[in-house]
Amino acid sequence: MRITIALCIFLLLAYFSQSCVSPYEPPVDTYENTLVVEAQLTDVQPYAYVKLSRTIPLTGPLVVNPVGNAMVWLEDEAENRTELERARLGEYQSNALKPEVGVRYRLHIELEGGDEVVSTWMEFKAAPEIDSLRTFYGQRPLPGGEVDEGVVVALDAFDPTNSTRYYRWEWEETWLYVVPFAGFDSLALQPVRPVPYKSGRPDSCWRTLASPNILIGTTEAFTEDRVTGEEVHFVSQSSNRLHERYSLLVRQFAMGEAEYQYWQQLQAVSEDVGSLYAPTPQRVRGNLILNNDPDLPLEGYFSVGGAAEKRIFFSRKDFPEIRTNRGFIPCDFETFRFAAFDEYRVLVFVANRGYVFSDTLRDIAGTPIGINLVEGRCGDCRKSGGSIQRPDFW
Amino acid sequence: MRQVYLLIGICISFSYQSIRAQTEPATVDSLFGTQNLYDFAEAYGPANDMRFYQLDLWAKDITLAKVELPARLSTLLRKSLRNTGSDFVYDPRFGVFLIKNESQRAAIENLRLLMVRQYDQQQRQLNRAIARGEVVPLIAEIQFGTPEALQSPDSVATLSGEVREAKLLSPLSKATILIQGTSQGAYTDSMGRFSVTLPVGEYELKISAFDREEIRYKVKLFADGAIQVNLLESLRTLDEVVIQADREGAMKDPQMGVSSLQVKTLKRLPPLLGEPDIFRSLQLLPGVSTTGEATNGFNVRGGSSDQNLILFDDAPVYNPSHLFGFFSAIQADASKSFTLYKSSIPARYGGRLSSVLAISPAKGHNKSWQIKGGISPVTGRLLASGPLSKRATLLVGARTTYSDWLLNRIENPTLRNSRAAFQDGNLHLTYQLSEKDRLSLTGYLSQDVFRFQGDTTFSYQNATSTLRWRHVQNDQFFWQVFGTYSRYAYQIVTESPLLTAQEIAYDLQQASIQAEGTYSFEEGRQVRAGFSTQGLRLSPGSRTPLENSIVLPLEIEREQGIHAALFAEADWRFSNKLSAKAGLRYSFFGLLGPGTIYNYASGVPRSGGSQTDSTVFTPGEFIQTYHGPEWRLSLAYTLTENQSFKLALNRTRQYLHRMTNTAAVSPTDAWTLSDPYLPPQIGDQLSLGYFFSPTSREWEFSLEGYYRWLQQLPAYKNGAELLLNPSLETALISGDGWAYGLETLIQKNQGRLTGWLSYTYSRTFLQVNGPAIVEQINGGAPFPADYDQPHDLTLVTNYNWTRHVRVSSTLTYRTGRPLTLPVGRYIYSGNPLVSYSDRNALRLPDYFRWDISVTLETAPKRKRSLESSWVFAVYNLTGRANPFSVYFVQNNGEIQGYQLAILGRAIFSATYQFEF
């Protein structure tokens, strides 16, 4: 990429040529409205889960384009059929079938319009427990030459039966954070007075995010089926994650070799969309076949394998090695005095800039003479994506 | 054997009349049924090569005198013109000057005297040239033995000889000796020698070679004889040969799929930014294509670009281009000619699958010093060549860009910190040790530096050298020994951010020695055999932190290997109709220790996870060896003098591979040796051709078809990282391929308008179908290769407006190359992902380009001390933005495609070239 730009610049300079890079509008038929099947059969509830969607064009907001009205069922080799029920639009699940080790299963999908997706037969494999999730202090380089500090979470697992071999991990992080200037919900007018929050002040929130990367590993080269110190996550101190309390749930899935290869390719192509001198990625093929034709495009995989999970809790206080604090958020206030109250201006700050009410301004006698507005991120933790609802596991 | 050496040369033509070298008095055998002088002269002149000057309608009133035939021409004229008031002057050098009446006599006499003066002057020049050995006089007839001395009228005699290039007296190979009126002939071998055995009798010989003045003369062959022929470089006449070395030879030569271009021809093609370019002109030939403008590779008959062996005086050049593919790294002035072997690859060449491009260096002049130069928008170049002593010649040349100078003058600081520069230099020395021994030394160096925004600098260097000793034992046998050394290295230095400042370096060195002998039998039969040994040493990549950087140093283990081959080839003429060229090469490759080879669990794809242990090899120990035969066979069957059929079959093996998983060859692509996980590539090709050229030789037509099988081609896993990968084998998978095509070429070789039209239909498919999914591409189904461009049409024309003005044009159309594109986005298991098309399922828009150039020459005459020319060229006249590549950038979850059209508008350039 850099080289090409430079080449262009070189020509531009020397020959007053025009820019040689121009936006490329792919031909209309380039966008393939491809079916995406995210399907999993595992031994923690929900046992069977299928999410159907279609790919979206390359530009525009990234949203899920769900596919409803499909018939989804599983079958085993004894021709026992288990229907999946519609959970939400495009999502189908069932707790009726708990898979058994050594049994082979197959996924069927019938779409509205007659298209049919069938998976290959997949054998169910149990997953060993996660022996431990270890945490320790770590560093990561930052762009600009600085170093970020944080906490590394590493995983150990062991399958004494030597049968798992291929692993995939997902994690879900949840953290508690507080905002310093949570005040009241709104203003009542005539007379102007604050109205408190009905369901508690949003000063503490829990926020939950899922792993954005593909995490896989294999022990195929080892004599023992033992995963040691697999680093699943690095929690940076530069966010607000470690300030109060942090929790990480790690799910470990067992899978077969073919599925491992599928994820491996997905992982490789997700890293780079392709620049001039970058490797050329290509379609990743899985175990699902559309209308009996393996050349028809289809994304996704029917994953079959046991799952195990483990949750840990920690906070910054547990790691005295962390010295830097990049998580500090400055807060901007706006003061409105009742004496020259400008309703419209308040509205502008609340509606357009996301400011919230932080506190009442009083004179020496304690009489309210105005109100303070503060940036949303400092006055309402929900503005940063969290929820004031305490999770069950907390 | 009686040795009669005869010097043959060229007559320098008058500017407006030709001279006649008539010694015998002209006679008249027939009046051609004519009654008057005018009609007679019209008929007699062409039939007897006699010119009549001032022939006009008044001569219709002159009745021919009755004379007894045969009569002398002068007698007939004198009798016919008696008492008419008209007269004539006969000058055997020029012809007959007719004088209508006395008032014209003076003027005509003046004309004649002027011609005589010119003739004499030319003759004196010629004599001086002869004295200096530059030009030799034309002798029209030569006799060996006498008919009376023959013992039997059925006996045969051998005519042998040597054809040399008149200026440097170096042997001319592949010159054609044609015995007119028979289907006999001969080609000179690489020492310029030929021999042909004929029944005794009188023959007319025609000796020609590419870009040389043709010579014809009569031979009365009644005993064995030898001649020495020096062919002069053709004058810049209006007849210009465009491509194909020997037009007559091409018909009978069993080799096919061979294209030669002289650098002179190349300079007639419209240049890009004023630089005559070897690779750009190669791409105009049928069967040669490229994936884009800034790729430093070309593809031959469905082969990838690393399957071309590019030799500069027999030393391999590993990165043959400047500025990532804009210009050839070897400057045109420093090379004499280049030959591309597409299918009939001689057995003495090996190591690459698809083609051999042999570039021969220009040699120093042995008579006088000559300086050539050129100034174009991008570069300045200068080349000097001349004699050092009676025995030694020298050629030195250099070329450099001044774009750095331009960049430094730009206001924008980003651009001011950018650099884009290249230099190259050439050296060629020859030394005549003795009459039979000659030494030559070639040296070549090139360097590229490129930086953008002052943070990352790319640079790469090529170096080659060749030392050669040629020895001519006798007329039949000669041998040569040569050693070469080549080096290619690149560096990528990233200076910021300081914390990750680093240098990535790659280095490849190769030294070889080759010895070969050639033995010639009579009648164009020749055997050549020899061996070559090549040592290779690679540093596949190292990463060194710069000061204050936290980057960990990394050095990929060095690789070393030995590549040896034994070869023998024979040129054999079975009959006048059938000739063959057969060769066998047995090649051996060994990867040598020290080295560490990782072992992998069996039955699963190689990956970091399946690594079990490693084996360490000691220095000099063979880690892995590969060997096998490579056959090369070409047959030509001459149907008639104008038509021939050819067939070629060959196998090639390749032990050195360039690792690239991008469509464009990028400067960071590294060559690597075969190892236990990377077997040699093996290629087979079968080609058939039909060649037709009408007797006039003005037009030529050829049709060649081929089918290729390619085995064990390296391919890469989806998204594999190749740079600085210590266990590259985990990224490698292997595939097969096949390619077929039909190439048609129509050439016009003579006249004011010359050029060629070529059309190629070709397809190339690859199939990568390993046992595991990660070892497959497109699920194991065949897919078109990155350089699969089915339709390829080229039209090249050269029009000589006048002697001084030449207009050239090239027109190229090609199907767009295949592409793999993102076709959608989706969220999967919480990960935002991109959905891609199958490998190479889509195509770029078609490629079209029209270039045009006008060359103005100030001094077309040979003897002027300074010859200079201006070349005005427009590259991509229609300004079509041919997308070179499409790539995608992810920005806030959106994926924006960009198309890169390098040279996406018309580019004008003016170049000044000089020579003195």
Side-chain angles (χ1 to χ4, degrees), chain A residues 2-7 9-10 13-15 17-18 20-24 26 30-32 34 36 38 53 55-59 62 64 141 144-145 210-214 218 220-221 257-258 261-262 264-266 268-270 273-285 294 299-300, chain B residues 294 324 403 406-407 410 415 418 420 450 452 456 497-499 550 601 604 609-612 661-662 664 666 718-720 772-774 779 820-839 885-888 890 893-895 897-902 904-905 907:
Chain A
R2 174 170 291 144
I3 303 163
T4 47
I5 290 177
L7 280 175
I9 298 293
F10 171 68
L13 285 174
Y15 317 108
S17 177
Q18 68 192 17
C20 42
V21 176
S22 53
Y24 172 72
T30 304
Y31 161 60
E32 289 173 9
T34 309
V36 182
E38 185 181 333
S53 62
T55 58
I56 56 164
L58 298 174
T59 51
L62 180 62
V64 177
S211 45
N213 298 313
I214 296 164
T218 175
E220 63 192 2
E257 188 195 333
Q261 289 174 14
Y262 173 81
Q264 225 181 357
Q265 290 192 73
L266 218 54
V269 303
S270 68
V273 291
S275 64
L276 182 57
Y277 290 120
T280 320
Q282 71 208 33
R283 183 193 308 289
V284 179
R285 295 182 186 220
E299 297 287 350
Chain B
F324 307 120
S403 43
L406 276 173
L407 288 164
I410 302 297
L415 300 180
S418 299
F450 197 95
F452 181 60
T456 299
L498 281 176
L499 204 69
I550 59 158
V604 293
S610 69
Q611 230 165 51
T612 53
N661 55 357
T662 60
S666 84
N718 211 345
I773 298 171
V774 287
T820 312
L821 291 183
V823 289
R825 292 178 297 159
Y826 63 103
I827 297 173
Y828 191 80
S829 187
N831 304 298
L833 293 174
V834 177
S835 169
Y836 292 94
S837 70
D838 272 339
R839 177 72 68 89
S885 185
V886 169
Y887 61 93
F888 289 81
Q890 199 152 6
E894 288 199 30
I895 293 171
Y898 292 94
Q899 70 175 34
L900 177 73
I902 293 178
R905 60 178 290 171
I907 294 173

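Worth knowing before you read on, the calculation uses all heavy atoms, side chains too, and leaves out hydrogens, waters and symmetry mates. Since the structure is predicted, the reported quantities are computational estimates derived from the model, not experimental observations. Note on naming: letters A, B, ... go to the chains in the order of the sequence lines (proteins, then strands), and numbering restarts at 1 for each one.
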Chemist: Which atoms of A:Glu38 come close to chain B, meaning under 4.5 Å heavy atom to heavy atom: side chain ones, backbone ones, both, or neither?
Modeler: both

Chemist: How far apart are the closest heavy atoms of B:Pro832 and A:Pro212, and which atoms are they?
Modeler: CD-O, 4.4 Å

Chemist: Quick one: which of A:Val36, A:Thr55, A:Ile56 gives a side chain to side chain contact (heavy atoms under 4.5 Å, CB included) with B:Ser835?
Modeler: A:Thr55

Chemist: Do you see a donor-acceptor pair shorter than 3.5 Å between the side chains of B:Tyr826 and A:Glu299?
Modeler: yes

Chemist: Please evaluate residues B:Thr820 and A:Arg283 with respect to the criterion side-chain contact (heavy atoms from CB on, under 4.5 Å), reporting the C-alpha separation (whole Å), side-chain torsions for both, the decisive distance (0.1 Å), and the verdict.
Modeler: CA-CA 9 Å; B:Thr820 312; A:Arg283 183 193 308 289; over 6 Å; no

Chemist: Can you tell me which portion of B:Ile827 sits under 4.5 Å from chain A's heavy atoms? Options are side chain, backbone, both or neither.
Modeler: both

Chemist: Taking all non-hydrogen atoms of both residues into account, name the closest pair between A:Asn213 and B:Asn831 and its distance.
Modeler: N-OD1, 3.1 Å

Chemist: Which heavy atom of A:Leu58 sits nearest a heavy atom of B:Gly824, and at what distance?
Modeler: CD2-N, 3.7 Å

Chemist: Under 4.5 Å from any heavy atom of chain B, what part of A:Ala258 do you find: side chain, backbone, both or neither?
Modeler: both

Chemist: Who wins among A:Gly300, A:Pro294, A:Ala210 for the most heavy-atom pairs under 4.5 Å with chain B?
Modeler: A:Gly300

